[in-house]
A.B. asks: 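Encoded as structure tokens, here's the structure I'll be asking about.
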Amino acid sequence: MRAVIPVAGFGTRLKPHTYSMPKVLLTVGDKPILGHILEKLVQENILNATLITGHLGDKIVSYVRKEFPQINAEFVEQEEMLGLGHAIYSAAKTFGNEEIFIILGDTVFDVNLDNVLKNQVSSIGVKNVEDPSRFGVAVTENGFVKKLIEKPSRPISKMALVGLYYIKNSELLKDSLEELIRKNIKTRGEYQLTDALQIMIERGEKITTFKVDGWYDCGKPETLLSTNRFLLQKNHYAAKAENTVVIPPVFIAENAIVENSVIGPFTTISKNCIVRDSIIKNSIINPGAHVERAMLDSSIIGSNAVVKGKFTRLNAGDSSELEFD
Ligand code: UTP
């Protein structure tokens, strides 16, 4: 069994942060998005993984090697951002005919994988959503997937694909991806994994679905902050902070310096941060940032950014310096 994790994308919707930091290394809860995924894999004893890198891939390689040495990680570069199907195709040489578990790198999920991985046939994670037009959707019949459609223009199913795919027959997936690329089958300008899975179904592969209620997107500032709220509710910790009122749930890293402040609720202060004389709620302060005399709400502050003065809402990129006096 091998986990295959595409993390090559630009993360356009999370600019300016993603100019200098890959989306999957942005903090949510107590660690980077990718850290939550890899931690789950370690818990499930899935220790072989392929990561498909692209934009700022070196940072991802360093992070994984340093923080998850127990994972036997292979890195493959997707040279052009041609879509998820193309990303998986780029990784095909690393997975032979072993079973694979594809996980989108920007999604935190809370699902019991034991049951999923016991499945006798391929199975893809789904969740019922009100507006499925932004997602790939599955149409099922007698418990099996009959059709998969990427971003449907008419409401054919509310069963959205959440970005978890357990594939038993990886040889057939490879062949289907190859066909996709050979015949240049693109949807919305990209080679879609959904379309390759549809080819698999047409070639006779049986695919079921599994319900994923705990699906937390991190692709946009609002969803990153709401995922942060969810994770802090589940797991919170505040290191000692001098002369500070902490309103749980929060995460304050052990070596962060926090003084004369009000922190929380739903706030993450990452390692190496300095926070003084500030009021911060519902916000994520990435590693090494320095916040002084500030009032922040619903804000994301990039690594090593410096923020001084008073304001209410901010989306400040890495290494930016802002003073409001
Ligand atoms: P998204 O399309 O949500 O991510 O792909 P993105 O491209 O990084 O973000 P936006 O849309 O520009 O804001 C979901 C996951 O699939 C990966 C992304 O890195 C992300 O983890 N992906 C997507 C690839 O690895 N390669 C691709 O060609 C497309």
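Scope of the values below: all heavy atoms of this structure, side chains included, with no hydrogens, waters or symmetry mates. Sequence positions, counted from 1, serve as the residue numbers for this chain. Both ligands and their constituent atoms are indexed starting at 1 by order of listing.
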A.B. asks: At a 4.0 angstrom heavy-atom cut-off, what protein residues surround ligand 1?
C.D. replies: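 Correct list: Pro6, Val7, Ala8, Gly9, Phe10, Gly11, Thr12, Arg13, Lys23, Gln78, Met81, Leu82, Gly83, Leu84, Ala87, Gly105, Asp106.
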
A.B. asks: For the pair Lys234 and Asp110, find out whether any cationic side-chain nitrogen is under 4.0 Å from an anionic carboxylate oxygen.
C.D. replies: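 Here Lys234 pairs with Asp110 in a salt bridge, since their nearest N and O are under 4.0 Å apart.
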
A.B. asks: Students often mix this up, so state it plainly: with edges at 30° and 60°, are the rings of His55 and Phe10 parallel, tilted or perpendicular?
C.D. replies: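 His55 and Phe10: tilted rings.
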
A.B. asks: Can you name the one residue among Glu74, Lys93, Arg2 that meets side-chain hydrogen bond (donor to acceptor under 3.5 Å, both in side chains) with Thr50?
C.D. replies: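 It is Arg2, the one option of Glu74, Lys93, Arg2 that forms the side-chain hydrogen bond (donor to acceptor under 3.5 Å, both in side chains) with Thr50.
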
A.B. asks: Could you tell me which residues satisfy side-chain contact (heavy atoms from CB on, under 4.5 Å) with Asn115, sequence neighbours excluded, listed by chain and number?
C.D. replies: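 Only Asn112, Lys118 meet the side-chain contact (heavy atoms from CB on, under 4.5 Å) criterion with Asn115.
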
A.B. asks: For the residue pair Phe251 and Tyr237, does the interplanar ring angle fall in the parallel (under 30°), tilted (30 to 60°) or perpendicular (over 60°) class?
C.D. replies: tilted

A.B. asks: Show the numbers, then the answer: is there a ring pair (Phe, Tyr, Trp, His ring centres under 6.0 Å) between Phe135 and Trp215?
C.D. replies: CA-CA 13 Å; Phe135 307 102; Trp215 170 38; 5.4 Å; yes

